[in-house]
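The shown structure was predicted, so the numbers you read here are calculated from the model rather than taken from an experiment. Heavy-atom basis, side chains included; hydrogens, waters and symmetry copies ignored. Remember, it's 1-based here, ligands and their atoms both numbered in the order they're listed.
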Amino acid sequence: MEIRVFETADQASRAAAILIASQVTAKPASVLGLATGSSPIPCYQELIRMNEAGLVDFSKVVTYNLDEYVGLSGEHPCSYRYFMNDQLFDHININKEATHVPNGQAEDFAACGAAYDEAIRQAGGLDLQLLGLGRNGHIGFNEPGDVFIRPCHSVQLSESTIEANTRFFDSKDDVPRYAITLGIGSIMDARKVVLIATGASKAQAVHDAVKGDISPRVQASVLQGHHDCIFLLDREAASLL
Ligand code: F6R
């Protein structure tokens, strides 16, 4: 596990853009695992800028997002499909058909999750997985629990995650209680993992993920066992290390 600390959140997130652009330049048909939330927004802005400047070409890239809220269609402004189109895909030369987000409206989430995992396998696996970090140490929506769940699965969101994500909705009552998420299996199978964590609210989770025991109570701690994982942090998020 490599730790890089930057002065600001923007710098940490933009460093992720350089890693993604390098990956895509080295392998134009890269399979990228992508994240939503606040942390990757400056990264996506930098990728848009680099694409506009002709520095990186997404025309052959395939993407699989980590997660989606159960019950929200891709047209819902709070859905992760909407977020990805709005924050990245609509502004770069990617083939939209090659971008994937789990289906939050599936009738059978076990079958939907298995098909999502299988699609990633068929695509050759993830070359690079981008992650944010929950205040409770979650990655994707793999919430604190008793086990690491390998397959893509539906999950009940924890109170802490609902609280944290209320800022994106009109009220706490509007935050969906369930989501579908890539499991720890596909994340750990990614050839490279890049995690962005910024702000004081992430400091404890960063500490526990990096210095604590490997435990499903802090799902990100599993990354201690990944062979090529980089944490990109700002000073606040790194303050307890
Ligand atoms: C998003 C995701 C989540 C977020 C995490 C941090 O697709 O899977 O794990 O990365 O909740 O969110 P922010 O960046 O908004 O603090």
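Here the side chain of K192 pairs no donor or acceptor atom with the backbone of D127 at under 3.5 angstrom. Checked by atom type and distance alone, the side chain of N103 never pairs as donor or acceptor with a backbone atom of C112 at under 3.5 Å.
Here the heavy atom of the protein found nearest to atom 5 (C) of ligand 1 is H138 NE2, 3.4 Å.
Taking CZ of F6 as the reference point, atom CD1 of I196 lies at 10.0 Å (rounded to 0.5 Å).
Contact check for R177 versus L157: no side-chain heavy atoms found under the 4.5 Å cut-off.
For atom 7 (O) of ligand 1, the nearest non-hydrogen atom from the set L195, T198, D67, L66 comes from D67. Nearest to atom 3 (C) of ligand 1 by heavy atom, out of G132, S39, G140, G33, is G140. Comparing R135, M84, K202 by heavy-atom distance to atom 12 (O) of ligand 1, the nearest is K202.
Ring orientation note: the planes of Y69 and F169 are nearly perpendicular, at an angle over 60° on the 30°/60° scale.
Of the polar atoms of S38, at least one N or O is found under 3.5 Å from an N or O of ligand 1, judged by distance alone.
Atom numbering of ligand 1 starts at 1 in the shown order; those under 4.0 Å from a heavy atom of R167 are 13 (P), 15 (O), 16 (O).
Under 4.0 angstrom from ligand 1, the non-hydrogen atoms of T36 come from both its backbone and its side chain. Under 4.0 Å from ligand 1, the heavy atoms of L133 that appear belong solely to its backbone.
Counting heavy atoms of neighbouring residues, nucleotides and ligands inside a 6.0 Å radius, atom NZ of K27 exceeds 12 of them.
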